[in-house]
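Chain A is the first sequence line, chain B the second, and so forth, proteins listed ahead of strands; every chain is numbered from 1. Note: hydrogens, waters and symmetry copies are ignored here, and every other heavy atom, side chains too, is used. All of these numbers come straight from a predicted model, not from anything done at the bench.
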Amino acid sequence: EAQVTQNPRYLITVTGKKLTVTCSQNMNHEYMSWYRQDPGLGLRQIYYSMNVEVTDKGDVPEGYKVSRKEKRNFPLILESPSPNQTSLYFCASSLFPSNYGYTFGSGTRLTVV
Amino acid sequence: ELKVEQNPLFLSMQEGKNYTIYCNYSTTSDRLYWYRQDPGKSLESLFVLLSNGAVKQEGRLMASLDTKARLSTLHITAAVHDLSATYFCAVDLPQGAQKLVFGQGTRLTINP
């Protein structure tokens, strides 16, 4: 089954404790990206990657890092999480160009206390 | 900067009625998407609209795209309770930049 897999689905952590949210896709998509969803602010892009070793900032990159060492994986790293990073996170992937649309992962609900 | 605006943001309607959600965007784009999201869930792809005049239908939902007016509509026919959800339109930046920008979402509640 074609899918984008995110882990974990739920995570509660403490301020300053490094964490990684994993994202993997099995569709051989070139493009991958991360979004966060917050009430009243909608979905905002954090980082994106056009292909292996090619990443760039989205609209809200502060406090996040990413890497794209393999085509299928695009982990999101929070080196020192803060409470304002409490959010619902989605990973998405697509072909380039995205004429068939984007496939989203099931989401990761992160709480930083 | 590409901006995407949906209206209405909240919509409460009765079963059996018809209604339309509007999505306006500020700069040229040839790719527009509609998604559905249930509370706490992921985004489910509904429609991919790639050209001016594109119209797609799935069940009680129909989406259209007018690239000249920079407008897409999502029409709901004879609404049923199962269609209650939040609907997002999203637009790709043009010319290969490939950045998806979302509208604010329309929270649709369909009452029996």
Side-chain angles (χ1 to χ4, degrees), chain A residues 1-7 9-10 21 23 25 27 29-51 54-61 74 87-111, chain B residues 1-10 21 23-25 28-52 54 56 58 63 65 67 72 74 85-107:
Chain A
E1 179 189 355
Q3 61 185 357
V4 176
T5 302
Q6 282 180 240
N7 280 296
R9 290 291 309 277
Y10 302 92
V21 183
C23 175
Q25 50 93 4
M27 296 165 282
H29 285 170
E30 295 88 2
Y31 181 91
M32 297 184 75
S33 62
W34 279 100
Y35 293 85
R36 61 178 289 175
Q37 185 176 26
D38 303 288
L41 296 175
L43 285 121
R44 296 175 292 167
Q45 189 182 57
I46 304 170
Y47 269 94
Y48 66 96
S49 170
M50 301 294 282
N51 215 322
V54 180
T55 63
D56 207 346
K57 297 177 181 179
D59 297 317
V60 288
F74 190 45
S87 187
L88 179 58
Y89 291 86
F90 290 103
C91 179
S93 73
S94 76
L95 292 168
F96 181 75
S98 57
N99 291 343
Y100 296 96
Y102 293 75
T103 301
F104 282 80
S106 51
T108 296
R109 185 167 294 280
L110 172 66
T111 303
Chain B
E1 180 188 353
L2 175 60
K3 293 187 178 180
V4 181
E5 293 188 350
Q6 286 180 237
N7 71 84
L9 299 184
F10 299 92
I21 300 170
C23 174
N24 289 91
Y25 53 99
T28 302
S29 175
D30 292 328
R31 296 192 294 274
L32 187 138
Y33 313 90
W34 284 95
Y35 289 92
R36 167 183 172 146
Q37 186 181 37
D38 293 301
K41 303 293 186 181
S42 185
L43 287 92
E44 173 191 354
S45 179
L46 295 175
F47 300 107
V48 179
L49 303 171
L50 299 178
S51 60
N52 187 43
K56 291 194 174 181
E58 181 73 33
L65 178 62
T67 58
S72 179
L74 180 67
T86 299
Y87 293 85
F88 290 93
C89 65
V91 178
D92 251 335
L93 282 178
Q95 299 175 352
Q98 193 144 340
K99 174 182 176 178
L100 198 58
V101 179
F102 284 85
Q104 311 97 308
T106 297
R107 184 177 295 179

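Of the atoms belonging to Arg109(A), it is side-chain heavy atoms, and not backbone ones, that fall under 4.5 Å from chain B. For a residue to count as touching a neighbouring chain, one of its non-hydrogen atoms must lie under 4.5 Å from one of that chain's; by this rule Gln6(A) does not touch chain B. Contact of Tyr100(A) with chain B is made through the backbone alone, with heavy-atom distances under 4.5 Å. Neither the backbone nor the side chain of Phe47(B) comes within contact range of chain A; no heavy atoms are under 4.5 Å apart.
Taken to the nearest 0.5 Å, the CG atom of Leu100(B) stands 7.0 Å off from the OH atom of Tyr31(A).
Annotation: side chain of Gln37(B) is not in contact with side chain of Phe104(A) (no heavy-atom distance under 4.5 Å).
The candidate from Gly40(A), Gly107(A), Gly101(A), Ala92(A) with the greatest count of non-hydrogen atom pairs under 4.5 Å with chain B is Gly101(A). Interface check for chain A: of the options Leu43(B), Val101(B), Thr86(B), the most heavy-atom pairs under 4.5 Å are formed by Leu43(B).
Other residues, nucleotides and ligands contribute only 12 or fewer heavy atoms inside 6.0 Å of the CZ atom of Arg107(B).
Looking at Ser106(A), its side chain never comes within 3.5 Å of a backbone N or O of Ser42(B) through a donor-acceptor pair.
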